[in-house]
2 protein chains.
Amino acid sequence: MKKVCLSPAEIERRLEDANVRPTAQRIAVARYVLCEADHPTADAVKAWADANFPKMSLATVYNTLGILVKAGLLKEMRLPHTGKTVYDDNISDHYHFVDEKTGKLYDLDETQVQVASKLDGGFKVTGVDLVLRGEKR
Amino acid sequence: MKKVCLSPAEIERRLEDANVRPTAQRIAVARYVLCEADHPTADAVKAWADANFPKMSLATVYNTLGILVKAGLLKEMRLPHTGKTVYDDNISDHYHFVDEKTGKLYDLDETQVQVASKLDGGFKVTGVDLVLRGEKR
DNA sequence: TTCTTGATTTAGAATAGTTCTAAATAACAA
DNA sequence: TTGTTATTTAGAACTATTCTAAATCAAGAA
């Protein structure tokens, strides 16, 4: 699945539209997580920034990711296995498959897996977290 | 759902059957997690031990929980939300509902939720982690 | 411009949960 | 007993993340 890569100017507009002031750091992080990265962790973003941005502190990385999540441009999730938080630019409702050998995550949509709840009225469901584990070849 | 509580002697036999030497600490922890507790965290086990056992270190709590998991007497899982590991004496395949207000976990079986995978052969699924979020009343 | 004010970024400290380490203790076998 | 191994312990170390307080920056007012 190829990803359309946005220009800094387009990223800037997206940030403005979300009422996030588009600083250089935010544009850089947003561009990376929205266009280049695939389910990155904060560490991965920091590593990318160290290699591609003049200077960015870890606090700013976490900060910015948090801001993007709050702005609705990014989803945050903690996987059942690693204790780490990963970020997902696919903000629609969807599920995941994790390759236990490589740790790689794959997005799954509702054509690929379905969850059918028969819970009684005592359970009001507001969200579904589903991760299939296994091996991808 | 009432839980049948095992005597220390019965716990001891279970540990022996699983090739785990039944020390006083292990019997105490096993009895608590298998009979009394409901999805406890390591912290909860430690708190119980502080109140009900002469002296137990946190390392022993983690150690013992790890041993019980390896022995197949207990399941370990990390929830999507809290970063904490919780332990589940229900070792059969099952899912969970988490009340986001209280944090309380409910076991769900396959009569209550079903997962239907239509993944192509490239995905070999070996496990399914499903957590429904919401509110229970 | 220059100033002011508030937002942002920063380094490093602090925190939370867990694992590791090395020494002390307990249990078992001979 | 004595020797050997397993278990337990306290505390250090570690990882991921958040917090803090100071420095820097940016946009509007003068």
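Here is the naming used below: chain letters follow the sequence lines, and residue numbers restart at 1 for every chain.
- In the set D:dT9, D:dA16, C:dT18, D:dT9 carries the atom at the smallest distance from any side-chain atom of B:Met56.
- Among the nucleotides C:dT19, D:dG11, C:dT10, the one closest to any side-chain atom of B:Ala59 is D:dG11.
- B:Thr23 has no side-chain polar atom (N or O) that falls below the 4.0 Å cut-off from OP1 or OP2 of C:dA26.
- Protein atom CD1 of B:Ile27 is 13 Å distant from nucleotide atom C1' of C:dA27, rounded to whole Å.
- Between the side chains of B:Thr126 and A:Glu135, no donor-acceptor pair is found at a separation under 3.5 Å.
- Among the nucleotides D:dG11, C:dT18, C:dG12, the one closest to the side chain of B:Thr85 is C:dT18.
- Atoms CG (B:Asp43) and P (C:dT18) sit 7 Å apart, rounded to a whole Å.
- Nearer to the 5' terminus of DNA chain C, by closest-nucleotide assignment, is the contact made by A:Phe53 (compared with the other of B:Arg78 and A:Phe53).
- Taking atom CD1 of B:Ile67 as the reference point, atom P of C:dT18 lies 17 Å away to the nearest angstrom.
- Rounding to whole angstrom units, OH of residue B:Tyr62 and C1' of D:dA10 are separated by 15 Å.
- Comparing C:dT18, D:dT8, C:dT10 by their closest approach to the side chain of A:Gln25 singles out C:dT10.
- With rounding to whole Å, A:Asn19 atom CG is found 11 Å from C:dT8 atom P.
- Summarising the geometry, the separation between CG on A:Asn63 and P on D:dA23 is reported as 19 Å, rounded to the nearest angstrom.
- Comparing D:dT9, C:dT8, D:dA16 by their nearest atom to the side chain of A:Lys84 picks out D:dA16.
- Not one side-chain nitrogen or oxygen of B:Lys46 sits closer than 4.0 Å to the OP1 or OP2 atom of C:dG17.
- B:Gln114 is linked by a side-chain hydrogen bond (donor to acceptor under 3.5 Å, both in side chains) to A:Lys118, counting only residues two or more places apart in sequence or in another chain.
- A:Thr60 comes within 4.0 angstrom of a nucleotide base, judged by non-hydrogen atoms across all strands.
- Side-chain atoms of B:Arg26 lie closest to D:dT7 of the nucleotides D:dA10, D:dT7, C:dT10.
- Side-chain atoms of B:Arg21 lie closest to C:dA27 of the nucleotides D:dA27, C:dA27, C:dT19.
- Nucleic acid contact for B:Thr41: none, since no nucleic acid atom lies under 4.0 Å from a heavy atom of the residue.
- A:Leu58 has its CG atom 9 Å from the P atom of D:dT17, to the nearest Å.
- Between A:Trp48 and A:Tyr32, the angle of the ring planes stays under 30°, which puts this pair in the parallel group of the 30/60° scheme.
- Under the 30°/60° scheme for interplanar angles, the aromatic rings of B:His39 and B:His96 are found to stand perpendicular.
- Residues A:Tyr95 and A:Val131 are not in side-chain contact: their nearest non-hydrogen atoms beyond the backbone lie 4.5 Å or more apart.
- If you measure from atom CG of B:Leu65 to atom C1' of C:dG17, you get 13 Å, rounded to the nearest angstrom.
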